[in-house]
*Asks:* 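Before I ask anything, here is the structure I am working with.
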Amino acid sequence: MAIVTTDDKHYRDIAEALRIPVGATDKIKPEEMAERIGKVGEQLYHMGESTGYGIGYNDGKDEGVEEGAKAEYDRFWDAFQENGNRTNYRYAFYGSSWNDSAFTPKYPIKCSGVAQDAFYTSCITDTKVDIYFLAGVTTSRTFATGTLKTIRRLVVDESVVFTNTFLNATALETLYVDGIIGQNGFNVQYATRLSRDSIVSIINALSSTTSGLTVTFSKTAVNKAFEQLAGANDGANGAEWQDLIATRPNWTISLV
Amino acid sequence: MREIIEAREGYILTDGATYGTTIYLAEGADASAFYEITREEYDAIFAAEEAHE
């Protein structure tokens, strides 16, 4: 065996290079270095395997959970809304168990059968999707709940009759109406916080060709929405309100 | 030109179908069809409406 002279710094560097990747702290003798070199590769492989597995597992799990939740959401709402073809929503969202967390409809709500009591006493605050009152629908107490703040878009067929549809809808602030209100009974007297834009959309939806019909609003809401001076609550006396209702002279407009 | 009718304090105007404290009559509508009921009578009518079937 030949004995050579070398700088021991090289041995220290080699030992350090063998310790660091695997987090070792022991002293390594020169005669042990060859064996350790062989082992460090194996150690690094297992460390990488473990880390890689962990990352892969977690990513896969997160993605799987998300995909699973989406699949369950689709399965429930496809069935509950009959793939968007459901037309009878009587009691569909009845009661306090229905809240904003539970109420995540996939499809617009299109009612041509029964919409009676659809949201009766629910805790939903926002309808989230378009709601259609199609020809033939019954609308008794559809939105009779004191929690609903927003009806994003209600599309109304001219033939639809309103029967206590908004009974006790005391929280209602936003109600955008599209289509044509052509029958009697549209009554939002309980909606004391109904916004100006909502009231305007309702007036604009009133049929311009019928006669003998009435629409009812909350006087508090009108006074606030069209107030002439901030805090005066005098909107019903103002020109803006008068000009608005003048666009529908064929309608009796009642304030409660 | 619309006729506007107002109920006295504590009363509600009605024609049997429409209710209100201020009513902006449609052009040509008959104001004489409206009469006053008390607020209590009005509340009783709507309490009956709220009774669930």
Side-chain angles (χ1 to χ4, degrees), chain A residues 90-91 94-95 114 116-117 120-121 138 140-141 144-146 161-170 183-190 203 206-208 210-220 222-223 234-237 241-256, chain B:
Chain A
R90 186 172 190 182
Y91 295 122
Y94 169 97
V114 185
Q116 182 174 340
D117 298 307
Y120 185 75
T121 66
T138 58
S140 178
R141 293 186 298 262
T145 168
V161 176
F162 297 87
T163 309
N164 294 319
T165 309
F166 305 95
L167 186 69
N168 290 329
T170 53
Q183 304 297 325
N184 228 351
F186 197 100
N187 182 338
V188 285
Q189 66 174 335
Y190 295 97
I203 297 289
L206 298 177
S207 167
S208 57
T210 59
S211 61
L213 303 183
T214 302
V215 62
T216 304
F217 295 95
S218 155
K219 181 180 277 188
T220 300
V222 169
N223 275 335
D234 58 353
N237 298 326
W241 167 248
Q242 301 290 338
D243 289 346
L244 177 63
I245 64 174
T247 65
R248 293 294 186 273
N250 54 317
W251 280 79
T252 290
I253 297 172
S254 173
L255 303 184
V256 177
Chain B
M1 190 75 180
R2 284 184 189 274
E3 186 174 353
I4 303 171
I5 52 177
E6 299 261 7
R8 290 176 294 159
E9 185 74 29
Y11 289 83
I12 304 284
L13 285 164
T14 184
D15 62 355
T18 296
Y19 297 85
T21 57
T22 300
I23 298 181
Y24 303 81
L25 292 172
E27 288 182 354
D30 181 10
S32 67
F34 285 83
Y35 53 93
E36 287 181 335
I37 61 173
T38 64
R39 175 64 76 160
E40 289 73 27
E41 288 172 314
Y42 171 78
D43 289 343
I45 291 167
F46 277 86
E49 296 282 354
E50 288 175 37
H52 197 254
E53 293 170 8

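Throughout, a chain's letter reflects where its sequence line sits, starting with A, and its residues are numbered from 1. These values consider heavy atoms only, across backbone and side chains, with no hydrogens, waters or symmetry-generated copies.
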*Asks:* Measure the spacing between CD1 of A:Ile253 and OG1 of B:Thr18 and express it to the nearest 0.5 Å.
*Replies:* 11.5 Å

*Asks:* So what's closer than 4.5 Å to chain B heavy atoms on A:Ala144: side chain, backbone, both or neither?
*Replies:* neither

*Asks:* Pick whichever of B:Ile23, B:Ile12, B:Thr21 has the most heavy-atom pairs under 4.5 Å with chain A.
*Replies:* B:Thr21

*Asks:* How close do B:Gly20 and A:Ser254 get, heavy atom to heavy atom, and via which atoms?
*Replies:* CA-OG, 3.2 Å

*Asks:* Name the option with the most non-hydrogen atom pairs under 4.5 Å to chain B; the candidates are A:Ile245, A:Asn187, A:Val222, A:Leu213.
*Replies:* A:Ile245

*Asks:* Between A:Asn184, A:Asn250, A:Val256, which shows the greatest number of heavy-atom pairs under 4.5 Å with chain B?
*Replies:* A:Val256

*Asks:* If you look at every heavy atom in B:Arg2 and A:Trp251, which pair is closest and at what distance?
*Replies:* NH1-O, 2.6 Å

*Asks:* Counting only non-hydrogen atoms closer than 4.5 Å, does B:Glu3 touch chain A with its backbone (N, CA, C, O), its side chain (CB onward), both, or neither?
*Replies:* neither

